[in-house]
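Read the structure below first, then the notes.
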Amino acid sequence: MTIILQLIQALADSLSALGLPERDIKLSPPNNPDFGDLSSNLALTLTKDVQKNPIQIANDIKDTLKLPKGLIDEITVTPPGFLNFKIGQSYYYQTLAQILSDQNFGRGITGKGKKANVEFVSANPTGPLTVGHGRQAVLGDCVARILQWNSYDVTKEYYYNNAGRQMRILGQSVEARYFNTDLPSDGYQGDYIVDIAEVIRSEKGDNIEHGDPIFQKKAEEIIFEDISKSLKKLNIHHDVFSNEQTFYDDGAIDQTISDLKNKDLIYETDGATWFKGTAIGMDEDRVLIKSTGEPTYRLPDIAYHRNKLERDFNLIIDIFGADHMGTYPDILAALNALDYDTENIRVLIHQFVTLIKGGKKVKMSTRTADFITLEKLTKEIGPDVVRYFFIMRGMNSHLNFDLDLAADQSEKNPVYYLQYAHARICNIIKHGESKGISYQSNYNAKLLNHPAEIRLLKKLDQFPTIIENSLQTLEPQLIANYLHDTANRFHKFYSECHVITEDIDLSNARIALVSATQTVLANGLDLLGISAPDKM
RNA sequence: GCCCCGGUAGCUCAGCUGGAUAGAGCAACGGACUUCUAAUCCGUAGGCCACAGGUUCGAAUCCUGUCCGGGGUACCA
């Protein structure tokens, strides 16, 4: 049982001993370290019901509190009525020992025996991935890593629409380049289309007929290769690729329509087939099949999610850009109408990246070939910097990405702050070995008394809590922020405490502390898919 | 019009399941390397947390309204 749970239990016991009403008790570290390690507003929440001065309530609770010996050093009551707990240092020494005995410190077992699916990127193969796609790529990959770290069996999935209008225009664009004719209206203007046409020419010669499916097929293939390559350079791999066409071929699309029809949720107007969303509480009805006979993306999306639900995942995560905000409720509503339980589906929406170049916003468009590729960015500033840049911000913040600044600042990017801490530790350990000092399990933890040492220890102790929070919220930036704090406390420790000294006992204790810090940093960086270098 | 996200230091953003004195990086200024890596550390400066109300012992955080920016609201994806 963690120290927090023990305290909450003891506080709850006190409440009942005093005949006070029950409360949902919360403990959190106060901003000001003078108030101790954990604080509770418990007494303040009771004032109204009890009609008593909160300070007096807090003192009553304090006096009746029964705690295991050695757990808490000091309990104080401060205005306006907080209960503050100072945790004994021996607790942190135990944490240190725990980290040193377990390289996997921070790993959770929540997902043991459970299967999760994370769908992300899912850009249609109409052109290279852009900087805009990067955010989702990194976010999705980190979410998958968080789940894996918590023992989930994770399938990383990429879904794309290859049967619709977009891909048809792509094929027509390639064809136009091949025959040297005008691009279709809304055609793809990028040079890569010309390159694809040339590949086709060199492989198949000049005698392909108009309308040959090879144009679209080859384009899809080549562009997908390029997308995979860009992702690979960011250390991102998908396990499964699903596409729309499959669901036409295996009849899932027709089946979905007929099942919805059986639920009386389908009607036809103006030659189009509509989904009766209003019948099940939605704001509007939506078109599923256009009057041209071509389905809208919603229909295959429903079929696809049905397919995912039938693959028996315990957790299904969809990661979408803000432009999908309005569409997923329809999908979920349709699935519910088809008697599926959608509780295991979590939809993460991230806001867009606004690109700034030369102080001006860049409007990106794949169609007009007005974009900066993710691959180019990765090449310029490196995968670790790209990943950190995208992950250090919350997903529902709009992100301004200044390309000039990114290139400029890559030298002093905050990710190096974390990596440098790790590299420094490696160097200390190396230096220690040259002096005959290396980690011994019989170190004397009590020698770690310096404020900078204690502060670092307290930070390391928080790691599992941070992991737990990030699992619940699926927000990787919690880990990024935590690692920054940890590196900060390490750097401060480094500047105040020399590790390898003439004092062998102290050196041993500090080597232990530094090794534990290394483990936490390496684990955290791994969660973000960022490398932990031995030297820089 | 309606729905979703945001508005916090000069810039980019943390903090938002209500707590005590609102933080970091960059930019500016001033210090610290005969020592395990100065990609670091220490210090100075910088704020009506968009605005106005409300709830509360207590609001950057919750509620309502207004303003500004982004996205949706398509028989585009």
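Just so we're clear, the structure is a prediction, and the values are computed from it rather than from any experiment. Below, chains carry the letters A, B, ... as their sequence lines are ordered, and counting in each starts from 1.
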Check for a donor-acceptor pair, side chain of A:Asn124 on one end and backbone N or O of A:Thr126 on the other, with a separation under 3.5 Å.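 Flag not set: sc A:Asn124 to bb A:Thr126 has no pair under 3.5 Å.
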Within this structure, what is the [atom1]-to-[atom2] distance between [X] and [N], rounded to whole angstrom?
{"X": "A:Asp534", "N": "B:rC36", "atom1": "CG", "atom2": "C1'", "answer": "15 Å"}
{"X": "A:Arg393", "N": "B:rC5", "atom1": "CZ", "atom2": "P", "answer": "21 Å"}
{"X": "A:Tyr482", "N": "B:rA24", "atom1": "OH", "atom2": "C1'", "answer": "17 Å"}
{"X": "A:His324", "N": "B:rC3", "atom1": "NE2", "atom2": "C1'", "answer": "17 Å"}
{"X": "A:Tyr420", "N": "B:rU40", "atom1": "OH", "atom2": "P", "answer": "7 Å"}
{"X": "A:His350", "N": "B:rC4", "atom1": "NE2", "atom2": "C1'", "answer": "14 Å"}
{"X": "A:His484", "N": "B:rU40", "atom1": "NE2", "atom2": "C1'", "answer": "12 Å"}
{"X": "A:Leu478", "N": "B:rA24", "atom1": "CG", "atom2": "C1'", "answer": "15 Å"}

[N] versus [M] - spacing of their [atom1] atoms, nearest Å:
{"N": "B:rC63", "M": "B:rC4", "atom1": "P", "value": "11 Å"}
{"N": "B:rA59", "M": "B:rU64", "atom1": "C1'", "value": "15 Å"}
{"N": "B:rA24", "M": "B:rG15", "atom1": "P", "value": "15 Å"}
{"N": "B:rA38", "M": "B:rA60", "atom1": "C1'", "value": "36 Å"}

Would you kindly say whether A:Glu468 and A:Gln472 are connected by a side-chain donor-acceptor distance under 3.5 Å?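 A donor-acceptor contact under 3.5 Å links the two side chains.
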Of the candidate nucleotides [options], which contains the atom at the shortest distance from the side chain of [X]?
{"X": "A:Asn488", "options": "B:rG19, B:rC41, B:rA14", "result": "B:rC41"}
{"X": "A:Asn396", "options": "B:rC5, B:rG18, B:rC75", "result": "B:rC5"}
{"X": "A:Arg286", "options": "B:rU73, B:rA20, B:rC75", "result": "B:rU73"}
{"X": "A:Leu44", "options": "B:rA38, B:rG70, B:rG19", "result": "B:rG19"}

Measure the distance between the ring centre of [X] and the centre of the six-membered base ring of [N], then answer whether it is under 5.5 Å with planes under 30°.
{"X": "A:Tyr417", "N": "B:rA39", "value": "no"}
{"X": "A:Phe352", "N": "B:rG70", "value": "no"}
{"X": "A:His498", "N": "B:rC36", "value": "yes"}

Categorize A:Asn124 for me: base, sugar-phosphate, or nothing, with a 4.0 angstrom heavy-atom threshold over every strand shown.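 Contact class for A:Asn124: sugar-phosphate only.
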To the nearest 0.5 Å, tell me how far A:Ile257 CD1 sits from A:Ile289 CD1.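 It comes to 4.0 Å.
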Listed pairs under 3.5 Å, donor-acceptor, residues 269-277 of chain A side chains, sequence neighbours left out:
from	atom 1	to	atom 2	distance (Å)
A:Trp274	NE1	A:Thr269	O	3.4
A:Lys276	NZ	A:Asp264	O	3.3

A:Glu157 with A:Lys308: basic N within carboxylate O range, under 4.0 Å: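 Answer for the salt bridge query: no.
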When you measure from the centre of the six-membered ring of A:Tyr494, is the NZ or CZ of A:Arg424 under 6.0 Å away and within 45° of the axis?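 Pair A:Arg424/A:Tyr494 counts as cation-pi.
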Kindly label the base of B:rC67 as syn or anti, based on whether its glycosidic torsion lies within 90° of 0.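 Base orientation relative to the sugar is anti.
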